[in-house]
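First the structure, in the form of structure tokens, and then the observations on it.
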Amino acid sequence: MNPSQETHQQWAEWDDAGHGSAFDGLPGGAKAALEAVLMVVDEPATEEELAAGVGLTVEAVRSLLAELQRDYNGYTVKAPEVESASSAGIGSSPRGFELRNIAGGWRIYSRAEFAEIVGKYVLEGQTARLTQAALETLAVIAYRQPVSRARVSAIRGVNVDSVVRTLAQRGLIEDSGTDPESGAILYRTTSYFLERMGIGSVGELPQLSPHLPGLDGIAEFYDAETM
Amino acid sequence: MNPSQETHQQWAEWDDAGHGSAFDGLPGGAKAALEAVLMVVDEPATEEELAAGVGLTVEAVRSLLAELQRDYNGYTVKAPEVESASSAGIGSSPRGFELRNIAGGWRIYSRAEFAEIVGKYVLEGQTARLTQAALETLAVIAYRQPVSRARVSAIRGVNVDSVVRTLAQRGLIEDSGTDPESGAILYRTTSYFLERMGIGSVGELPQLSPHLPGLDGIAEFYDAETM
Amino acid sequence: MAESKPGFEVRLANFTGPFDLLLGLIAKHQLDITEVAIATVTDEFIKYIRKLQQLGEEWALDEASEFLVIAATLLDLKAARLLPAGEVEDDEDIALLEARDLLFARLLQYKAFKQVAGIMGETLHQEGRRFPRQVALEEHFAAMLPELVWKHTPQQFAALAEAALRPKTPAEPPRVALGHLHGSNVSVKEQAEVLGRRLQQESPLTFRSLIADAESTLVVVARFLALLELFRDRAVSFDQLSPLADLAIHWTADRRDWSAENLSEEFEEQL
């Protein structure tokens, strides 16, 4: 049983149980309803929010989201499956957009391949690249959060005040209270940061440890070619 | 000859003429490129704008738009046509969104049939009150208008993108053209704002202390040298 | 020196901190830290600062002070590395070794963050190619939004604006006043001229006699620095019979050729 069949079966069950009555006679059923809601979402929507909005269980919404994701990515269906596939709206070429699960929620994005064309229409939101100093500061905050400016400064060896201010203005980091001991403001990354990174949580950041060898690795410094 | 065949033939012609070269190897080709734009544009795009952006003739864009419209509305393909149809991504159930031409511009909207579900979702969690962040942002815009989001961010020290969107959605602020230098969208308060404040013009807002910094003192972050 | 190593300038032009520069230097010289001549690095740095001055650019106090941190760190590292392994005897040696390990640990940590910052930068760039659907709410939905509850008077609203517009951080970071460090302006070059005139009349003279009429400690310092400069220009030679004995200064330059104008320019500044 492939996942899409499973979903259809679940869907049939709700129909039988009357839960799907909201979609009776609506074109495309629950999947299309979910899709309609995704059209008005302006920040990642959680499965719970979507489930409440569409009136389905979280599990059902999750399966439908996975199915939509596959629809948009497009795939070829083998010959014997064509008939059922075409009626379910699958077996297609990739769409210009994709459905992604980011920062704990689902949202529709234009496909990266069309960045150049889409960029002409969406000038706002396009952001200048961060400087090396800003990136390094952001990295330290991301991996050491919540962290004070003083600690970031100590790790980077420079004053980071203005860079921290800019990162906050850009919405990549935010104030997360004060250190009980020193009273210093602590910073953490935002969900916008996760969105920009295309990840679900900071746990998905690349591991720092492979980049942080033991002291034995110090010899590398002397023959590292670029730094 | 049905309309979809006609479109495909035209499309093949542009390919031959090399006009479609920008999409060589891109999944979904020109149709997907167009779809990518339509999915993320805020203001409906005219056929001319789309043609310029995608690098096709207006006629070609018009055919592709018609094809997308049919794709989204879904239709059943007769048995003998199934095979070619499925490879072209047609022959599907209706999607939860539709492509509409409103006042000369094209944009993707949630499908009208799902208005009830979408409306319920939109209203969920909506409050009749503005958040503190929204109020402060509105205050800055009111006293420093016309002003870009970047400047408001610089003043407030946080990213204000979503708050500005909310204020615009609530009809309290509006687009007032672009900054000639940076090209950033400038915002001003609306007459609805004056109405809610119970004043006739922004000139009637209480004077602020004269020593508060104006906009000159605020370095806009994307032209600051550190970023 | 710097001319033959343009990479150093590039490195400095975008260096972001002592660790960054230290890593760069170690990498660039491909040397054990014990072989990095602090003097070489210092010369390179001074050349860089000069170049900035020639270009009419203000040279940042930040960079100069960071350089001091780097030089000190290099010296620490060097001192620690020069200790023969396995011959740790006293607490001082251990302290040096610990300082070394701490420095290495900090360097490693810095390097790790630098690497992940690179990865993050690339990810942000790639992700920036996807644009989220973030369109204005369709009008019929926007119309359904509950009527806004608005209970702010213009005065309350103005108070909000005042609070939002008031600067949150002091515009200028606190600065340590340096004014008190300057009793008066003393020029090394002027003092060099004084010394030059005196030594051309009578040579050798002891350092003690050359500073006998100095009106302040600053003048003593300036004359000492001037002598070092004169020595570098081969205008004088030194002679000391025994440790801590009086230093005798001999004038060795041709009296017609010599002029204080030829002194190296880093001492042009007033002390």
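A note on names: the letters A, B, ... follow the listed sequences, proteins ahead of strands, and every chain is numbered from 1. Values below: all heavy atoms of this structure, side chains included; hydrogens, waters and symmetry mates excluded.
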If you apply the rule side-chain contact (heavy atoms from CB on, under 4.5 Å), what do you find for L165(C) with R144(B), and how did you get there? CA-CA 10 Å; L165(C) 290 167; R144(B) 293 289 182 260; 3.7 Å; yes

Between [X] and chain C, which part of the residue has a heavy atom less than 4.5 Å away: side chain, backbone, both or neither?
X: V118(B); answer: both
X: I141(B); answer: neither
X: L194(B); answer: neither
X: S162(B); answer: neither
X: L135(B); answer: both

About how many Å separate CZ of F141(C) and OH of Y121(B), when rounded to the nearest 0.5 Å?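 Going from the OH atom of Y121(B) to the CZ atom of F141(C) covers 12.5 Å.
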
State which residues pass ring pair (Phe, Tyr, Trp, His ring centres under 6.0 Å) with Y109(B); sequence neighbours excluded, sorted by chain then number.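 Scan of Y109(B) (ring pair (Phe, Tyr, Trp, His ring centres under 6.0 Å), adjacent residues dropped) gives none.
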
Between the main-chain N or O of M39(B) and the side-chain N or O of R133(C), is there a donor-acceptor pair closer than 3.5 Å?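 Confirmed, R133(C) side chain pairs with M39(B) backbone.
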
I'd like to know if the side chain of R196(B) reaches the main chain of L148(C), judged simply by a donor and an acceptor atom lying under 3.5 Å from each other, with no hydrogens or angles considered.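 Looks like yes, one N/O pair under 3.5 Å.
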
Look at atom CD of E204(B) and say whether more than 12 heavy atoms of other residues, nucleotides or ligands are closer to it than 6.0 Å.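 Counting neighbours around CD of E204(B), more than 12 heavy atoms of other residues, nucleotides or ligands fall under 6.0 Å, so yes.
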
Taking atom CD as the centre, does Q126(C) end up with more than 12 heavy-atom neighbours from other residues, nucleotides or ligands that are less than 6.0 angstrom away?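 Above 12, so yes.
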
Pick whichever of K151(C), E147(C), Q155(C) has the most heavy-atom pairs under 4.5 Å with chain B.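 Among the listed options, the one with the most contacts to chain B is E147(C).
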
Could you tell me which non-hydrogen atom of [X] sits nearest to which non-hydrogen atom of [Y], and how far apart they are?
X: V140(B); Y: A164(C); result: CG2-CB, 3.6 Å
X: A136(C); Y: D42(B); result: N-OD1, 2.7 Å
X: A158(C); Y: L208(B); result: O-CD2, 3.5 Å
X: V40(B); Y: P132(C); result: CG1-O, 3.7 Å

Closest-packed option against chain C by number of heavy-atom pairs under 4.5 Å, given [options]:
options: R107(B), R129(B), E43(B); answer: R107(B)
options: Q207(B), R165(B), R170(B); answer: R170(B)
options: A168(B), A36(B), G171(B), G119(B); answer: G119(B)

May I have the step-by-step check of side-chain contact (heavy atoms from CB on, under 4.5 Å) for M144(C) and V122(B), ending in yes or no? CA-CA 9 Å; M144(C) 289 165 59; V122(B) 168; over 6 Å; no

Is the F157(C) ring parallel, tilted or perpendicular to the F193(B) ring (thresholds 30°, 60°)?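 Tilted: the ring planes of F157(C) and F193(B) meet at 30° to 60°.
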
